Every structure is written in structure tokens, then in C-alpha cells.
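Have a look at the structure below before the remarks.
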Amino acid sequence: MEVIDSIDRALIVATQGGLPLVSRPYDALGETLGLPASEVQARMARLLETGVIRRMGAVPNHYALGYVANGMTVWDVDDAQIDALGEAVGQMACVTHCYKRPRHMPDWPYNLFAMVHGHDRAEVLAQAEQIAERLGAAVRARDVLFSSKILKKTGLRLVG
Amino acid sequence: MTERQAPVALSDLDRNIINALQGGFPLTDTPYADVAATLGISEAALLDRLKEMLATRVLTRFGPMFQVERMGGRFVLAAMAVPESRFEAVNAQVNALPEVAHNYRRDHAFNMWFVLATETPGGIDAAIARIEAETELPVYPFPKLKEYFVEMKLKA
């Protein structure tokens with residue numbers, strides 16, 4: 001884990017809503033925080049290097065881009081094989097997130113989660129078939145949960 | 001409450017901007033000018049398009065995306081099976097917590113799936129306990145045991 005100090009935290013609070021849309025954004029942040037722009041840049045470079053910032057740039061609204069169907073494909077596979085299978089499924093172009101998660105028996109037998117996005121449900125179901133083919137005989141049970149409504153989407157918010 | 005948005009017609013320029021900028025925004029003194037140069041447009045044009053796409057919600061944000069776990073916090077996916085007759089009321093109770101970062105309705109017996117994001121690990125258990133107490137429904141946590149891949153980049 002990366003330890004962040006109070007200046008890093010202030011920088012996160014100042015940028016979690018977005019970067020200033022001005023010619024010299026790091027100068028603008030520096031002015032707000034009372035730091036030279038060079039320190040803002042150096043700290044952001046370190047946060048990127050350590051993964052506290054996953055990436056920096058445009059975050060598109062996937063519905064606005066036409067990806068209106070999002071399917072959480074879930075699979076029950078053997079725990080002994082899940083790492084190799086998860087890595088393989090994670091490499092597939094249609095998969096945006098892939099995780100091992102706990103089962104909750106008896107209601108929930110699935111331990112592998114792969115999120116896929118499509119322009120309609122048929123495209124998502126076709127992608128789920130591709131994943132099923134990749135997993136092959138390892139699949140013991142499967143399901144696809146389509147989202148029917150976004151109920152909230154604010155992302156992380158630290159309280160400044 | 002955020003509704004899904006209808007697809008919008010994007011210009012080739014906006015597509016290029018989105019496809020080029022889903023990561024790797026530079027830490028240079030004049031980053032917008034530097035990116036604009038690689039796209040063959042002016043800095044003013046790039047800033048104008050970014051502002052417009054944010055205003056029309058084609059972009060939800062422009063800036064850093066944080067990984068809260070790398071700074072000692074936690075993200076945990078959780079699900080609930082909410083009786084349809086109580087769905088709206090429970091949704092209001094769940095969304096009222098600032099720890100709830102995203103929440104989706106899904107077609108399944110587990111019909112509410114939300115992500116809790118907290119600055120400290122203990123915040124997750126506290127948020128779950130509070131939701132269970134307020135709604136009198138069980139919350140099923142699905143912490144990630146392993147992350148195989150995460151890269152939410154979609155072609156515009």
C-alpha cells in the first residue's frame with residue numbers, strides 16, 4: 001500500500017472532480033494548493049507510478065457512446081483452475097473487468113465475474129458465448145445479469 | 001438519480017479525442033496544447049470540445065481516475081435481493097450513504113448491485129451494517145479476491 005500525505009490527499013480532493021480545463025492546468029492546481037506547478041507534476045507522476053492514479057484522461061459515459069447494454073457475466077468454475085481461466089478471460093477484447101469473487105451458497109454459486117459491454121443485449125450474449133467457449137468444460141454454472149438502470153454513479157468522493 | 005442516457009451522434013473529431021485520451025494525459029506544462037498538436041487541432045479547439053462533451057455528459061469526467069485501495073481504502077461490490085414493492089424506498093436508503101459510489105439495478109433475484117468505496121478498510125463493514133439495519137435486508141458482500149483485468153476503455 002502507498003502511504004499518501006496530507007498534500008497528496010489535498011491534490012486528490014482538488015482533482016477528483018476533474019482537471020482544470022485551462023492552458024496550464026498544473027499551474028492552476030498549484031495556485032489553489034499553494035504549491036509550485038513542478039511539485040504538482042512530480043506528485044501526480046508518483047501517484048501514477050504507484051497506481052493511486054490508475055490513469056488520467058477522458059472518462060466517457062458509456063451509454064452516450066452507444067454501449068447501452070452492460071452484462072455482468074458470472075461463472076462457477078473450479079477454484080483450482082480459476083487463476084488461469086481468469087487471466088485468459090481478462091485478455092479477451094470484450095471484457096472490461098474480470099475478478100475472482102466469493103460464492104454465497106446456496107444462492108450464489110459463481111466465483112468468476114467478467115463485465116462486458118455491448119450496443120445491445122444480443123451483442124452481450126454473443127460475447128458471453130465467446131467467454132463460455134474460452135472456459136470450455138470448466139464451466140459448471142453460468143448467468144448474465146443485465147443492468148436495467150443506473151441508480152447512482154458518482155465515483156469515489158473523499159471529503160475535503 | 002442518474003438515468004441511462006441515449007446514444008448521441010459524435011463527430012469524427014470527438015471520437016478521435018475520446019479514443020486518444022482515455023489515459024496517458026501528459027504531465028507537461030501545457031498538456032492540452034501538446035495533445036492537440038498530436039490530434040492536428042488547436043489547443044483552443046481541444047479545450048472547447050472537452051468542455052462541450054462534459055456539458056452534454058458524453059464525458060462524465062476529465063482527469064485522474066483513482067484506485068482507492070492503493071491509498072489504504074477499499075472498494076467492495078455488494079448485492080441485495082430487494083422486494084419489488086420496496087425497491088424505490090430501499091434504493092433511497094442505500095444511495096443516501098456517501099460510501100455508495102455506484103449502484104445498478106440488475107435483472108436477477110439479486111436486483112441491486114452497488115459499489116462501496118471507503119477511505120479506510122473498516123468503513124466497508126460499517127456501511128454494510130448500517131444498510132442492513134436501515135433496510136432490514138441482508139447485504140451480500142463480493143470483495144474481489146483477485147483482479148485479473150481492469151481496463152474500462154471503450155471505442156467511441
Side-chain angles (χ1 to χ4, degrees), chain A residues 1-2 4 12 15-19 21 23-26 37 41 44-45 50-68 72 83 86-87 89-91 95-102 104 108 117 143 145-158, chain B residues 1-5 7-8 17-18 21-25 27 29-33 43 47 50-51 57-68 70-72 77 91 95 98 100-108 110 114 117 119 140 142-152 154 156:
Chain A
M1 184 194 99
E2 197 55 33
I4 60 165
I12 292 167
T15 56
Q16 63 191 358
L19 272 188
L21 291 163
S23 187
R24 303 179 69 91
Y26 308 115
Q41 290 160 317
M44 291 186 83
T50 54
V52 172
I53 298 177
R54 199 187 265 288
R55 60 193 167 90
M56 193 152 73
V59 184
N61 172 341
H62 53 262
Y63 288 110
L65 298 191
Y67 293 90
V68 297
M72 187 170 77
D83 287 346
E87 296 288 346
V89 169
Q91 292 310 307
V95 174
T96 60
H97 305 70
C98 187
Y99 300 105
K100 176 184 181 182
R101 298 189 185 277
H104 285 285
W108 190 265
H117 294 266
D143 204 349
L145 280 69
F146 284 100
S147 71
S148 48
K149 196 174 192 180
I150 299 176
L151 303 170
K152 186 176 186 183
K153 190 170 192 253
T154 48
L156 169 70
R157 283 295 183 268
L158 303 186
Chain B
M1 197 181 295
T2 313
E3 297 288 340
R4 61 176 38 176
Q5 180 179 344
V8 294
I17 291 171
I18 293 170
L21 273 184
Q22 287 182 56
F25 190 70
L27 288 165
D29 291 342
T30 54
Y32 296 104
E43 179 190 54
L47 285 169
L50 289 174
K51 286 174 190 165
R57 294 189 49 248
V58 170
L59 300 181
T60 58
R61 233 151 47 72
F62 186 86
M65 295 191 70
F66 297 101
Q67 164 57 294
V68 70
R70 291 288 162 82
M71 45 186 173
L77 176 69
N91 182 38
N95 285 359
V100 175
H102 305 148
N103 187 3
Y104 285 86
R105 181 175 180 128
R106 292 191 182 278
D107 299 338
H108 190 270
F110 286 147
F114 49 90
E119 208 172 342
Y140 295 81
F142 289 92
K144 64 183 169 202
L145 304 177
K146 213 157 229 180
E147 176 179 304
Y148 300 114
F149 184 77
V150 177
E151 191 170 78
M152 186 61 192
L154 295 174

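None of these values were measured; they are calculated from a predicted model. Here is the naming used below: chain letters follow the sequence lines, and residue numbers restart at 1 for every chain.
A 4.5 Å side-chain heavy-atom check between B/M65 and A/I53 finds every atom pair outside the cut-off. Side-chain atoms of A/V89 and B/Y148, non-hydrogen and from C-beta on, never get closer than 4.5 Å to each other. The side-chain heavy atoms of B/F66 and A/Q16, taken from C-beta on, include a pair separated by under 4.5 Å. Between A/L151 and B/Y104 the shortest side-chain heavy-atom distance does not fall below 4.5 Å. Within the 4.5 Å cutoff, the side chain of A/I150 has no heavy atoms near those of the B/H102 side chain. With a 4.5 Å cut-off on side-chain heavy atoms, A/D83 and B/K146 count as touching. Between B/V58 and A/P60, the closest side-chain pair of non-hydrogen atoms is not below 4.5 Å.
With a 4.5 angstrom heavy-atom cutoff, A/A45 touches chain B via backbone and side-chain atoms both. Both the backbone and the side chain of B/E147 come within contact range of chain A, each with at least one heavy atom under 4.5 Å from a heavy atom of that chain. In this structure, the portions of B/F110 lying under 4.5 Å from any heavy atom of chain A include both its backbone and its side chain. The contact between A/D143 and chain B is made entirely by side chain atoms (from C-beta outward), counting heavy-atom distances below 4.5 Å. In this structure, the portion of A/Y26 lying under 4.5 Å from any heavy atom of chain B is its side chain and not its backbone.
Judged by distance alone, with hydrogens and angles left aside, the side-chain atoms of B/K144 form no donor-acceptor pair with the main-chain N or O of A/Y99 at under 3.5 Å. Under the 3.5 Å distance criterion, the side-chain polar atoms of A/R101 are matched with a main-chain donor or acceptor of B/F142. Within the 3.5 Å criterion, the main-chain N or O of B/Q22 finds a donor-acceptor partner in the side chain of A/R55. With hydrogens and angles disregarded, a donor-acceptor distance shorter than 3.5 Å links the side chain of B/T60 to the backbone of A/V59.
Of the listed residues (B/I17, B/T30, B/D29), the greatest number of heavy-atom pairs within a distance under 4.5 Å of chain A belongs to B/D29.
In this structure, B/Y140 has its ring center no closer than 6.0 Å to that of A/W108.
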